[in-house]
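For reference, the structure discussed in these notes is given below.
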Amino acid sequence: MTPFDYSRAASAADALRLAGQSGAMLLGGGTNLVDLMRKGVERPTRLVDVTGLSREIAETPEGGVTIGAAARNSAVAAHPLIRAHYPMLSRAILAGASAQIRNMATVGGNLMQRTRCAYFADAAGSRCNKREPGSGCDALGGFTRYHAILGASEACVATHPSDMCVALAALDAQVKVLGAEGERTVPIVEFYRAPDDRPDIETVLTPGETIVALELPPSSVAARFAYRKVRDRASYAFALVSVAAGVELRNGRIEAVRIALGGVAPRPWRAFKAEAALRGEAPTAEAFAAAAEAELAGAAPLPGKRV
Amino acid sequence: MAIEINGRPVEAPRDPRVSLLDLLRESEGLTGTKVGCNQGACGACTVQLDGERVLSCLTLAVQADGRSVTTIEGLGENGVHPLQAAFIDHDGFQCGYCTPGQICAADAMLREIEAGAPSYVTADLSAGRTALTRDEVRERMSGNLCRCGAHNGIVDAILDVAARRAA
Ligand SMILES: Cc1cc2nc3c(=O)[nH]c(=O)nc-3n(C[C@H](O)[C@H](O)[C@H](O)COP(=O)(O)OP(=O)(O)OC[C@H]3O[C@@H](n4cnc5c(N)ncnc54)[C@H](O)[C@@H]3O)c2cc1C
Ligand code: SF4
Ligand code: FES
Ligand code: FES
């Protein structure tokens, strides 16, 4: 590991100041960053521990819920407000990683964990456009069972591995960010960039910007929901594919619907085409199959991954 | 500040690169905590931080400054811990390498159940407390791998301790 300084941010403003220093990175639970530092993939010279920032989970005046960026994944999943109003989010978080990792991981860190693959982590042995733009991608022609079928680029086919973010995409979460110019709010569906030819730049955050909170708006589909995850083991494994879905029915027709997919794209993939195909339809198996076809028409599976 | 390890204050290392796992094993001689993968994938290094189970391999020791750490040595301080006894009774191990992590995790897991925390297999997320079934134990303990395949004994041991506490 490259040597680094460690400090704790006492407030969001403090985090912003410390994160502005050269070579600085923010540290949440460290479950992604510490691992990548040990593998020589990330080489910050300063770590700013942001686990002391707000971890409050509270109702908003609009009837939604706000979650401080330092809230632990386990605390969010177990919180009465989340279990009552957004059980899809609890279920998605509980589908991810292990109890130990969920106790460590923060909301901010979960959003910002790297879109990645095993070749990315293999700094000594594999070429990777994300680690070193322009160097090539050794995943192509390799083991691509966990790679993207949607929204990838020629430069990079890695997936964003978060379960939590799949539910957040279906729930239209808003990401509150603090930067030098003040606070701004980014809808989660606009938070992640397409990889294009710069897969090393994954989100719209600019250097030094800090996630301070998430806001969940009231949702008409949150109560009638499902979160399903398909993986190579029954538990403690990344998704081959996961889906967060919620519907609101009126007079036997689909009035509102939200669908997001995980494990298949460089970002939590909001299935807008499938949603459009379902709106106004009766909730039949045929309608859902047609919606899946509509969404996956543009899928480009690599060898080893079937659609 | 200091890191309180099994009730004893220890100064945080000067080099922030030192993991909590290495501090425990290399500097403090607490070799009960085991190194498996050193990358978050096995649970052998599980300890408790302020009573919650975490992975010491992905925790920087400086992150634990001002907090309290409990290792298997701490759990076994007052003689054989009930979970240790149950693991022996139910053949909850073969080589024993994963066992300290299993027991640190199980002890914290039983507190999570008491506090009403749900798991991925909990059917009704709105209900307060979940009954500790076999499936619940398997899901909640999935962060601790056992290469010897002692899982059935491990689940039996944990259910036994939970039943005794409830009685
Ligand atoms: C073995 C293993 C299995 C896993 N399995 C799953 C799984 O099945 N499903 C799943 O969803 N996840 C899984 N994960 C990933 C895990 O969920 C993430 O590592 C975790 O959520 C990251 O959170 P953290 O707080 O530890 O982030 P850190 O590792 O501390 O940080 C990650 C990134 O976020 C940045 N960051 C942290 N906080 C902020 C902030 N407030 N603002 C801006 N940037 C910030 C950091 O600079 C860093 O770049 C797994 C991880 C491991 C190790
Ligand atoms: S898929 Fe992306 S992250 Fe994986 S090796 Fe290729 S460029 Fe790197
Ligand atoms: S050694 Fe920490 S999880 Fe394997
Ligand atoms: S007893 Fe040998 S690894 Fe579990």
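Just the heavy atoms: all of them, side chains too, but no hydrogens, waters or symmetry mates, feed the values below. Convention: sequence-line order gives letters A, B, ...; per-chain numbering from 1.
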Worksheet item: Checking B:Leu55 against chain A: side chain, backbone, both or neither under 4.5 Å from a heavy atom?
Response: both
Discussion item. Given heavy-atom pairs under 4.5 angstrom as the criterion, report whether the side chain, backbone, both or neither of A:Lys39 touches chain B.
Written reply: side chain
Discussion item. Quick check on the interface: out of B:Met141, B:Gln63, B:Arg138, who has the most heavy-atom pairs with chain A under 4.5 Å?
Written reply: B:Gln63
Item to complete: Counting only heavy atoms closer than 4.5 Å, note whether B:Cys37 contacts chain A via side chain, backbone, both or neither.
Response: neither
Practice prompt. Heavy-atom distances under 4.5 Å only: say whether B:Arg53 touches chain A with side chain, backbone, both or neither.
Written response: both
Worksheet, complete the sentence: Between A:Asn32 and the options A:Met37, A:Met112, A:Arg114, the side chain to side chain contact (heavy atoms under 4.5 Å, CB included) test singles out A:Arg114
Discussion item. Could you walk me through whether B:Ser119 and B:Glu139 satisfy the side chain to side chain donor-acceptor pair (under 3.5 Å) test, starting with their C-alpha distance in whole Å, then the side-chain angles of each, then the deciding distance to 0.1 Å, before giving a yes or no?
Written reply: CA-CA 7 Å; B:Ser119 87; B:Glu139 166 59 26; 5.3 Å; no
Worksheet item: So which part of A:Ser74 gets closer than 4.5 Å to some heavy atom of chain B, the side chain, the backbone, both or neither?
Response: neither
Worksheet item: Taking NZ, NE, NH1 and NH2 as the nitrogens, is one of them in A:Arg145 or A:Asp232 under 4.0 Å from a carboxylate oxygen of the other?
Response: yes
Practice prompt. Would you mind checking which part of B:Glu112 comes under 4.5 Å of any heavy atom in chain A, side chain (CB onward), backbone (N, CA, C, O), both or neither?
Written response: side chain
Fill in: Residue B:Leu49 versus chain A: region with a heavy atom under 4.5 Å
neither
Practice prompt. Counting only heavy atoms closer than 4.5 Å, note whether A:Pro3 contacts chain B via side chain, backbone, both or neither.
Written response: both
Fill in: Check ion pair B:Arg129-B:Glu114 (N to O, under 4.0 angstrom)
yes
Discussion item. Can you tell me which portion of A:Leu33 sits under 4.5 Å from chain B's heavy atoms? Options are side chain, backbone, both or neither.
Written reply: neither
Worksheet item: Does one side chain, of B:Thr46 or A:Gln100, offer a donor that lies under 3.5 Å from an acceptor on the other?
Response: yes
Fill in: Presence of salt bridge, A:Arg38 and A:Asp35, under 4.0 angstrom
no
Fill in: Check: A:Glu56/A:Ser54 side-chain N/O donor and acceptor closer than 3.5 Å
no
Worksheet entry | Under the side-chain contact (heavy atoms from CB on, under 4.5 Å) test, residues paired with A:Ala92 that sit two or more places apart | A:Ala167, A:Tyr227
Discussion item. At a 4.5 Å cut-off on heavy atoms, which part of A:Ala77 comes close to chain B: side chain, backbone, both, or neither?
Written reply: backbone
Worksheet, complete the sentence: Under 4.5 Å to a heavy atom of chain A? For B:Asp15 that would be neither
Worksheet entry | Segment of A:Leu47 engaging chain B (4.5 angstrom heavy-atom cut-off) | side chain
Worksheet item: Can a salt bridge be assigned to the pair A:Glu202 and A:Lys130 using a cut-off of 4.0 Å between side-chain N and carboxylate O?
Response: yes
